[in-house]
Amino acid sequence: MLDINLIRTQPELVRLALNNRCESTTSLDGILALDVQRREILKQSEVLRGTRNTVSKEIGKMKDPAQRDAKIAEMRGVGDQITAIEVDLKRVEDQLDALTMALPNIPDERTPVGPTEDFNVVLRTEGEPRDPGFPAKPHWELGPALGLIDFERGVKLSGTRFYVLYDLGARLQRALIAWMLDVHTQQGYREAYLPFMVKQQTLFAAGQLPKFKDNLYHDAEEDFWMVPTAEVPLTNLHGGEILTAEQLPLHYCAYTPCFRREKMKAGSDVRGIKRGHQFDKVEMYKFCTPETSDAELEQMREDAEAICKGLGLTYRIKLLCTSDIGFNARITYDIEVWAPGCQEWLEVSSVSNCGDFQARRANVKYRPQAGAKVEFVHTLNGSGLALPRTMIAIMENYQQADGSIVVPEVLRGFVGTDVIRPRV
RNA sequence: GGAAAGGUGGCCGAGUGGUUUAAGGCGACGGUCUUGAAAACCGUUGUGGGUCUAUGGCUCACCGUGAGUUCGAAUCUCACCCUUUCCGCCA
């Protein structure tokens with residue numbers, strides 16, 4: 001959420017940000033008008049409440065019954081006025097909140113301005129996109145051939161875009177999760193095991209609601225929503241708390257499954273395990289002071305890159321443009337790994353600095369010094385990494401001419417073998 | 001799922017309709033005293049909104065959450081949430 005004070009004093013800054021994001025600016029004038037209304041009505045109700053407070057106190061001390069009854073009658077009228085005014089106030093505040101909650105974050109100055117994803121900037125590529133020296137097979141052929149992936153039975157159980165992993169396929173994913181968490185723990189992130197279902201309020205605070213309601217799964221009877229990313233519970237971990245400066249920065253990592261109601265175009269990304277309604281992810285998350293968030297972002301990007309490097313994958317770093325960054329983000333790096341089988345760069349990580357946008361919604365603050373005024377913290381999130389696409393890259397990059405897959409060295413202890421061969 | 005007891009500031013804890021402007025204590029911070037420290041004593045010590053003559057003043061709200069009763073609610077009523085203990089069930 002943006003600071004109402006910022007919207008009030010620098011509306012043109014907000015308007016520019018919305019234009020750069022290719023978002024409508026029509027709500028802005030409504031917000032400004034409602035803000036004025038809110039303060040006018042609030043003042044009226046406060047004056048009346050003040051009167052009632054003093055007079056009620058006097059009534060308590062009055063001895064003369066006639067005088068007392070007169071004052072009570074008078075205050076009954078004041079009470080009715082307050083009730084009427086505050087109905088108005090609530091209506092205005094509800095409208096104002098609804099509009100303000102729907103405004104996205106203001107992009108950082110370094111975020112390239114552009115109306116389409118073509119304005120994303122590839123900053124650098126690590127390694128060469130390489131072919132194995134024979135026609136590389138896509139993972140949707142390699143996986144079933146090795147008995148690692150079963151698309152048919154996934155569909156039987158749950159419908160399109162679900163699959164089952166077996167044997168070393170399932171084990172490779174488990175190995176990656178364990179190894180990634182180990183790496184991040186050594187990088188200084190505290191491992192957390194989180195609820196996979198959260199209440200509605202938690203999604204509002206993380207910025208997923210109200211805007212992305214259509215992409216979320218939830219229980220019809222109870223207030224349980226499936227997490228679309230670990231970022232959601234992690235953002236709220238310190239919700240409503242006032243942290244001390246010494247506690248910061250806080251670094252967390254967590255494995256969770258992610259559930260997303262993807263509204264996909266028919267025929268797009270249909271093959272393989274690239275995009276599903278359920279996938280696994282290891283996430284990094286930071287709470288820090290405004291002074292350090294820029295540096296923390298670069299460090300988090302490097303921490304995500306370390307995973308790609310450790311796995312020996314070719315990857316490139318993209319700086320996303322204003323129309324492509326997420327609702328919560330001020331600046332975002334995407335990391336994409338090369339997959340020679342499907343001949344595609346696959347997004348395996350998105351590393352963002354959200355500034356105080358999420359902290360404001362989740363109400364996470366800190367006190368810079370003892371006695372100083374509290375401020376909002378900055379929050380950052382980054383995948384480290386998304387599992388299915390990492391699996392794709394490993395399978396397709398490490399395939400051999402005989403159809404077997406070499407296990408990246410760092411995973412061999414977890415997988416229990418050097419090479420994944422067809423089951424006999 | 002059933003029963004009972006609870007939820008008050010950073011923490012403990014008093015408070016059953018109006019001197020409560022949330023007592024008292026602990027902790028923290030500042031000061032006095034001291035060569036220094038401790039002790040003692042004095043003072044300060046929440047969050048958010050609004051407003052103004054703006055490092056401060058004034059004001060409104062906040063005692064689990066939300067409604068209600070009342071001139072007036074931490075206090076009374078209702079619903080819900082959570083915690084603890086016991087019973088049942090279960091991995």
Side-chain angles (χ1 to χ4, degrees), chain A residues 1-9 31-101 193-205 218-225 233 236-248 250 257 287 356-377:
Chain A
M1 184 156 59
L2 297 177
D3 185 1
I4 184 66
N5 197 43
L6 177 81
I7 303 173
R8 187 187 300 149
T9 54
I31 289 173
L32 292 168
L34 285 164
D35 176 52
V36 171
Q37 268 188 60
R38 186 186 85 90
R39 285 178 291 150
E40 276 169 4
I41 298 171
L42 187 64
K43 201 190 259 180
Q44 290 173 28
S45 97
E46 281 195 4
V47 169
L48 290 172
R49 275 180 174 272
T51 311
R52 186 173 68 179
N53 285 350
T54 12
V55 176
S56 289
K57 227 166 273 176
E58 286 162 22
I59 290 173
K61 293 175 196 165
M62 280 179 185
K63 299 279 183 267
D64 177 15
Q67 195 189 6
R68 190 185 154 99
D69 289 348
K71 281 291 179 192
I72 288 177
E74 192 185 325
M75 284 309 106
R76 195 172 293 151
V78 171
D80 291 345
Q81 282 182 62
I82 292 172
T83 308
I85 286 172
E86 289 187 351
V87 168
D88 254 18
L89 182 64
K90 184 162 176 8
R91 182 179 50 79
V92 169
E93 283 184 338
D94 286 350
Q95 287 175 22
L96 185 60
D97 279 355
L99 292 178
T100 313
M101 290 286 271
Y193 171 82
L194 302 160
F196 302 159
M197 295 191 287
V198 296
K199 45 191 179 183
Q200 195 178 35
Q201 173 53 37
T202 304
L203 286 152
F204 268 99
H218 66 96
D219 185 279
E221 290 175 12
E222 294 188 83
D223 188 18
F224 287 132
W225 298 63
N236 286 272
L237 205 54
H238 294 286
E241 296 181 20
I242 298 174
L243 306 165
T244 62
E246 293 74 45
Q247 282 175 274
L248 299 172
L250 288 166
F287 300 88
D356 66 4
F357 187 84
Q358 279 181 320
R360 209 174 277 283
R361 290 170 93 105
N363 194 22
V364 186
K365 300 181 169 181
Y366 80 108
R367 202 180 296 281
Q369 291 107 31
K373 234 176 105 78
V374 292
E375 286 178 40
F376 289 105
V377 300

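Sequence lines set the chain letters: A, B, ... in the order given, protein chains first and strands last, and positions in each chain run from 1.
- For the P atoms, the distance from rG46(B) to rG24(B) is 15 Å, rounded to whole Å.
- rU8(B) and rA14(B) are spaced 10 Å apart, taking the C1' atom of each and rounding to whole Å.
- The same atom, C1', is picked in rU69(B) and in rA79(B); the two are 15 Å apart, to the nearest Å.
- If you take atom P in rG15(B) and the same atom in rG88(B), they sit 36 Å apart, rounded to whole Å.
- Taking atom CG on D35(A) and atom P on rG49(B), their separation rounds to 12 Å, with Å as the unit.
- Pairing for rU51(B) is with rG57(B), a Watson-Crick or G-U wobble pair whose two hydrogen-bonding atom distances lie under 3.5 Å.
- Rounded to a whole Å, the CD1 atom of I59(A) is 14 Å from the P atom of rU70(B).
- Within the 4.5 Å cutoff, side-chain heavy atoms of R38(A) are placed close to those of E93(A).
- For rG18(B), its base sits under 3.5 Å from the side chain of R68(A) at one donor and acceptor pair at least.
- H218(A) and W225(A) have parallel rings, their planes meeting at less than 30° on a 0 to 90° scale where 60° marks the start of perpendicular.
- Salt bridge present: E86(A) and R49(A) bring a charged side-chain N and a carboxylate O closer than 4.0 Å.
- Salt bridge present: D88(A) and R91(A) bring a charged side-chain N and a carboxylate O closer than 4.0 Å.
- As rounded to whole Å, 12 Å separates atom C1' of rC60(B) from atom NZ of K57(A).
- If you check every strand for non-hydrogen atoms under 4.0 Å, G50(A) touches sugar and phosphate atoms only.
- Proximity of a side-chain donor or acceptor of R361(A) to a complementary backbone N or O of M101(A) within less than 3.5 Å is detected.
- As judged by a 4.0 angstrom heavy-atom cut-off over every strand, V55(A) is placed among residues making no nucleic acid contact.
- When heavy atoms are screened at a 4.0 angstrom cut-off, R8(A) is found touching the sugar-phosphate backbone but no base atom.
- Across all strands shown, L42(A) has heavy atoms under 4.0 Å from sugar-phosphate atoms exclusively, and none from any base.
- For the C1' atom pair drawn from rU77(B) and rG25(B), the interatomic distance equals 34 Å after rounding to whole Å.
- For the C1' atoms, the distance linking rG31(B) with rU84(B) amounts to 43 Å, nearest Å.
- Looking at heavy-atom distances under 4.0 Å, K61(A) makes no contact with the nucleic acid at all.
- Toward the 5′ end of RNA chain B lies the nearest nucleotide of E46(A), the other residue of the pair A73(A) and E46(A) mapping further downstream.
- If you check rG7(B) for Watson-Crick or wobble pairing at under 3.5 angstrom, you find it paired to rC81(B).
- The interatomic distance linking R76(A) (CZ) with rG72(B) (P) rounds to 9 Å, in whole Å.
- Picking from rG48(B), rG46(B), rA61(B) the nucleotide with the shortest atom distance to the side chain of R49(A) gives rA61(B).
- Taking atom P in both rG56(B) and rC42(B), one finds a spacing of 26 Å when rounded to whole Å.
- Base pairing annotation: rG46(B) forms a Watson-Crick or G-U wobble pair with rC62(B), both donor-acceptor distances under 3.5 Å.
- Taken from CG in L48(A) to CD1 in I82(A), the straight-line distance is 5.0 Å, to the nearest 0.5 Å.
- Only the P atoms considered, rU21(B) is 34 Å distant from rU83(B), to the nearest whole Å.
- Rounding to whole angstrom units, CG of residue L48(A) and C1' of rG72(B) are separated by 15 Å.
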